[in-house]
Amino acid sequence: MKKFDYHIPKSLEEALSLFKSLENAKYIAGGTDVLVNIKRKKESPSHLISLRNIDSLKVVEKKDGLKIGSCLIHQELLKIEEIRTYYSALYDALTKLGSKQIRNVATIGGNICNAAPSADTACPLLVLDAQVVIFGEKGTRMVPIDDFFEGPGTVAKEESEIVTSFELPSFPKYTGSAYIKHTRREAMDLAMVSAASRITFAAEDQSLLRDFLSSKGVEELDKELKNYPLFVKEARIALGVVAPRPFRAKKAESCLEGKFLNEETLREACEKAAEEAQPRDTIRGEAWYRREMVKVLTKRTILLSVKRAIEMCS
Amino acid sequence: MTFNAVGQKIPKKDAPLKVTGQALYIDDLELPGMLYGKILFSKYPHARILNIDTSKAERLPGVKAVVTAKDFPPNFRIGFMKDNPPLKGNKVLSTRDEIAAVCAISPEIAEEACELIDVDYEVLPGVFDPITAMREDAPILHEELGSNVLKLPWKLVCGDVEKGKSESKYIVEDTFTTQWVTHCCMATSGCIAHFDINNNLTLYSNTQIPSLAQNDFLEALNALGLKNRRVRIIQVTIGGAFGSKLDTYPYEYIAILLALKTRKPVKIVFSRDEEFFATSPRQCTITKISQGCTKEGKLTFREVEMILDNGAYTSWGATTPSVMMMPISSLYRVPNVKYEAKCVYTNNTYCQAMRGYGNPQATFAIESSLDHLAEVSGIDPYDLRMINANQPGEITPQGFKITTCGLKECLEEVAKRLNWREKRGKGGGKRGVGMASLIHVGGGARVYKSDGCGTIIKMDDFGKVDVFTGATDIGQGADTVIAQIVAEELGIPVEDVNVIHNDTDVCPWDVGVHASRTTFVAGNSALYAARKIKARLTEIVSKILEIPQEDVEIRNGIAFSKSDPQKSIPVARAIRRAHFTTGGSMLMAEHFYDPNNENLGKDFKGNLSTAYTYGTHGVEVEVDTETGKVKILKYVAAHDIGRAINPLLLEGQIEGGALMGIGFALSERLIYQNGYLKNGNFLDYKILTVRDAVPVETVIIETDEKEGPYGAKGIGEPGLVPSAPAIANAIYDAIGVRIKDLPITPEKILKALKEKAGTGNKA
Ligand SMILES: Cc1cc2nc3c(=O)[nH]c(=O)nc-3n(C[C@H](O)[C@H](O)[C@H](O)COP(=O)(O)OP(=O)(O)OC[C@H]3O[C@@H](n4cnc5c(N)ncnc54)[C@H](O)[C@@H]3O)c2cc1C
C-alpha cells in the first residue's frame, strides 16, 4: 500500500485550511472506502485528513425533524430511537450495511460522499427528502440530496468542501417508509438492487387507516387495498444499483402521488420504476433480473411503507 | 464398552491459541535476515513470451534477486503429469502463470520490482471451455502432447449396462454441470525457504503432504545440482487447507530458488487476490447421466459420461475421477455401471483437490437424477432410496468390500426428522423437502504406493507422553483425536499427551492428510504404538507389584492390580524405577500402520478403502417465487461414522462441511471470463457468512467399524458431499423446477419458473 501522511484536525476550519495547503490531500472518515481504494490502487493521496475528531460532525439534533452529523458511525445511528420510528427506511438500511465490524467504523457521511450506486443509506435519504449541509470556504450551504449525487463516486461539492450533516424534515404522522436491499448473502454484501419508498397519506384518511388496522390487521394489506381507498398525498421511490447514481423514480412516484392506492396504481408504479431503471449486466447480476427485482422491491417497499404508516396511526 | 477419553467432547487442543491470536501462521513467522519474494504473473491467458527484461527491477534498491525460467534447469517440470515449469519461459497458458519472481528486503519493494519487469508477449488465441478445447481446430496448449485431452483413461465398466437398460421399466437421462469453487482458507498459501551452510533445505510450510512434499523438493534440489541433500519440512499452524495444499506448487519452488540464490530465508505469502486467482479450485464438470429401475424400483444400471475442465496444468486433482467412480458404482446397489471421464486442458486456472475430491460433483448428478427417476417411476424418493440402500457385508460392482454400513439408518433418521411423509409434495408451491445420500472412503484410500502413517511414542519420567505422528493437522483436530486415542489406550489423562505433528525431522512418514483418512490411519498407527508401550509398561508394573502382567490395569495415570486394587503405583513412579537403575530402560515405541486396502487396478476395480462411510442429508426449503431466493428452513445431516472419538469435533466437521456444501449449492462460484478471474475477492465470491449459516441438525450413527480405532471411520469430507443434490431436490419439491447447473442462483430459479409458467400458458 502506498504511503501517506495522516492529519488529525480538531475543527472544520483547520481541516479546510489543511486541505487547501496540502498537495494531493483527501478527507477520510471511517476509511472503509478510502483505504480499500488506496489498497486497490484506485487512488493514491499523499495526505489523509481525518474528520473523526471534529465534534461538530457528530451532532444529533431532534427538533423539527432530525439533524445527524456526517461523522456518526452507522452503529451509533442505529441507536437513535427517532430513526427507527420515523425514518424507518434509513433504519432498514443501517441494519443491512456491511457487518457490525464495518458499521462500527464507517460513517454516513462517507457512505454518501463515496456515492456508490449501491450505497445503502442513499435511497433512504432520497425518499426522506434529506438536505445535505456542506461547509466550505464560502461558509455553509444546503443542497437537496437529489441534487447531490451526480454519478458513480461524484457528488455536487468542491473537493475541499466538507459535508457536515444531513437534515431530515419531520413528516406527518401518517407516513411510513421502507428500504429493501436485495443481496445474495445476509451480511457483507452489496445490493444487487435496492429500493426505498415513502408513503404519506392525507390527514383525512387517518380514521380510515385506524379503521383498517382494527378490522383487518396489516397482514391482509395486499388484498384489501381495493376496499380501502387510501389517498396518497406524497410518494417517494428511490432505486439503487440500477443507474449510475442512486435516483428517484419520479415517474413511478407520480403513478401514486395524488391518487388512490390500489392494485392497479401499485402495479403501474412498479412497472414505471422498472422502466426508469437502467440496469446493466455485470458479474454481480444480470440486467433482466435486476429489472424484475425493481418491480418486486418497489412493490414490497411500498406495501411495507403503507403498513408502517397505518401502524403509526394506531 | 465404556471409555474414558474416547467419546469425550474435548475442545480442540490448539483452540485457545487460535482464539487468542497466539497461534503462529506462516504470515506471522519472521526469520533473521529474511527476504520477501513476489511473483510476476502473466498478463494473458495464452501467449508466447518474446522477451523478459528484468534490468529495471534488478536496479531497484533493496532488491536482492530476480529470477526467470532461465534460472531453473531447462526441462524442470512439476505436477502430477510433469507438465508445469515453475517459471514459464516460452509460453504462458493461463493468467496465473508465473513469469518471473523477485525477492527484496521488504514486501513493498518486492512488489514494486515486479511492476518494473517488462515482458513482451505475442498473444495467442485461447480456449476457455473443455468442449471447444476438444475440437479439431482448437489451439493446443501443450504442443508436444498433440491434444488437449489428458492421457488419463478414466473408464470403469461393471456388469452390462445394455442389459440393465433392457431390464428397465423406467429410464431417465439428464446433464448436470458444476462450477469452479475455491477453498477460501482463512490463511493464504505461503512458505519460507531456507538453506543451511551445507545446502540442506528447511521449508516452513502449510502443506498437507509433508512426506510427499519432501520427496518433490528433493527432486528439485537434485535438478538444481544439489545432490544428496536433506529437506526438512516444518509445518506452521495451518489456517485451512481442504485439499488446496495436497500438492507442491510453483511458488514453493520459486521461494527455494530465491533462497538458494541469496543464501537468505525467503518468504512468499500470497495476498488474498493471489489466493483467489493463483491457487487451484475444484474442477468444473459436465456430467451426462442416465439410470434406470424396474417397476418395483430396483436400480438396473447407471451410465455416466463426464468432462472435466483441467485448466492449463495438471495437479493431483486430475485424479478426482477415480474417486467419482466410488459413488457412481457404489452409492446404492446398482448392478450395471459404466463411467467414462475426460480431463481437458484449457487456458483456465488449473484445478486441484477440494474436500470430497470429485465426490460432490458426481453425487450432485447421481442424487438429482435419482429424484428424477423417482418421479418418473412414481415411487417416493425416500422409498426408492430405501429399496436400493447399501447393506453391511455387500461387495459393490467396483469391488468395494462394505463392512459397516448405516445408510438405511441415516435415511430413516432424515425422513423422521424432516417429517417426510407429511411434508413431501405439500409445500403449497413454496416449501419443499429433499434428501440425498453419500458414500465415501472411511478407512483410508490407497491412491499412492503406501496409505500408511508412522507413529513414535515416548513416555517420560513424569508419566507424560509425546506422540510423534506423521499426521498433519489442518484444523480438523488430528492433534486432539490422536491424544484421545493414546490416552484411552494408556489409561492416562488426555492433557498428558502431547502430539507433535509438524516436523519431518522428527515425525515419521505419512502419505498426507486427505481422503478423510487421518483419524482412521494415523489413529490406528498411534493406537498400535500405544499398545506396544502399554505392553512394556504393564510388564514393568507387574514386576514392581509382583502380580501377573494380565492383572495390571492403568486408569488415570495409576497402575493397579485388577484383582487387588490396593496394590497400585503411579505410572510415573514405575517408569522412573525402570529408568533410574543400572541397565535401565526408557519407554519408547513405534508403529507404522498401513491399512489393508488396495490400489485400484487397471480396470479401476479393487477395495480402495478398508471401510466406507455413509450419510444422508435432508433439507426443507422455502422459495420466494418472486425473487427466486431460497431459504433453508431445516437441515438434517445424518452420518454413519463408526464411532465418534470426539463428538464435538465430529459435529464441527459435519456442520462446517454442510455449510461449505450449501455455498457450493447456492452461492459460490469463481467467475472466469476468457481466462480472467472476475470475482477474486470476498465481496464478489459469495462464500456464506455466519449470518447465512443455518443450524445443522447432526445425527451420529455409530456402527462400530471393526478395523477402525475404537470403531471409528473418517468424516473430514462427507459433510459437504450430498448438500447440493439434497437442496436441489427440495427446491424441485417446492416449486417443480429442477436446476441442473450449480450454483442454484435466484436468477436461474426465476428464469426456470418463468419458463415453466410460459409452457403452462401454451398448453
Ligand atoms: C467489507 C466492507 C463492506 C461494506 N459493505 C457495505 C454495504 O453493505 N453497504 C454500503 O453502502 N457500503 C458498504 N461498504 C462501503 C463503506 O463501508 C461505506 O460506504 C461507508 O459508509 C463509508 O464510510 P467511511 O466513513 O468509512 O468513509 P471513508 O472511506 O472515510 O470515505 C469515503 C469517501 O467520502 C469522503 N468523505 C467522508 N466523509 C466526508 C465528509 N464528511 N465530507 C466530505 N467528504 C467525506 C472521503 O474523502 C471518501 O472519498 C463496505 C465496505 C467494506 C470495506
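All values below were derived from every heavy atom in this structure, side-chain atoms included, with hydrogens, water molecules and symmetry-related copies excluded. Letters A, B, ... mirror the listed sequences (proteins, then strands); counts begin at 1. Since this is a predicted model, take the numbers as computed values, not measurements.
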Check residues 676-683 of chain B and write down every donor-acceptor pair under 3.5 Å in which the side-chain atom is one partner and the other belongs to a residue at least two apart or another chain.
unit_1: B:Tyr676; atom_1: OH; unit_2: B:Lys43; atom_2: O; d: 2.7
unit_1: B:Asn679; atom_1: OD1; unit_2: B:Ile671; atom_2: N; d: 2.8
unit_1: B:Asn679; atom_1: ND2; unit_2: B:Arg669; atom_2: O; d: 2.8
unit_1: B:Asn679; atom_1: ND2; unit_2: B:Asp684; atom_2: O; d: 3.2
unit_1: B:Asn681; atom_1: OD1; unit_2: B:Leu683; atom_2: N; d: 2.9
unit_1: B:Asn681; atom_1: OD1; unit_2: B:Asp684; atom_2: N; d: 2.8

Taking heavy atoms only and a threshold strictly under 4.5 Å, list by residue number the residues of residues 176-190 of chain A that touch chain B; give 'none' if the list is empty. A:His182, A:Thr183, A:Arg184, A:Arg185, A:Glu186, A:Ala187, A:Met188, A:Asp189, A:Leu190
Max heavy-atom pairs within cutoff under 4.5 Å with chain A, candidates B:Val690, B:Thr689, B:Thr745, goes to B:Thr689
Is chain B contacted by the side chain of A:Arg40, its backbone, both, or neither, given a heavy-atom distance below 4.5 Å? side chain
Toward chain A, the part of B:Ile687 with a non-hydrogen atom under 4.5 Å: both
Where on B:Lys751 is there a heavy atom nearer than 4.5 Å to chain A: the side chain, the backbone, both, or neither? both
B:Gln673 versus chain A, the contacting section by heavy-atom distance below 4.5 Å: side chain
Can you name the residues that form a side-chain hydrogen bond (donor to acceptor under 3.5 Å, both in side chains) with B:Glu115, not counting sequence neighbours? A:Lys41
Between B:Thr627 and chain A, which part of the residue has a heavy atom less than 4.5 Å away: side chain, backbone, both or neither? both
Just checking heavy atoms, which of residues 112-123 of chain A are less than 4.5 Å from chain B? none
Are B:Phe664 and B:Ser723 close enough that some pair of their side-chain heavy atoms sits under 4.5 Å apart? no
With a 4.5 angstrom heavy-atom cut-off, which part of A:Glu292 approaches chain B: side chain, backbone, both or neither? side chain
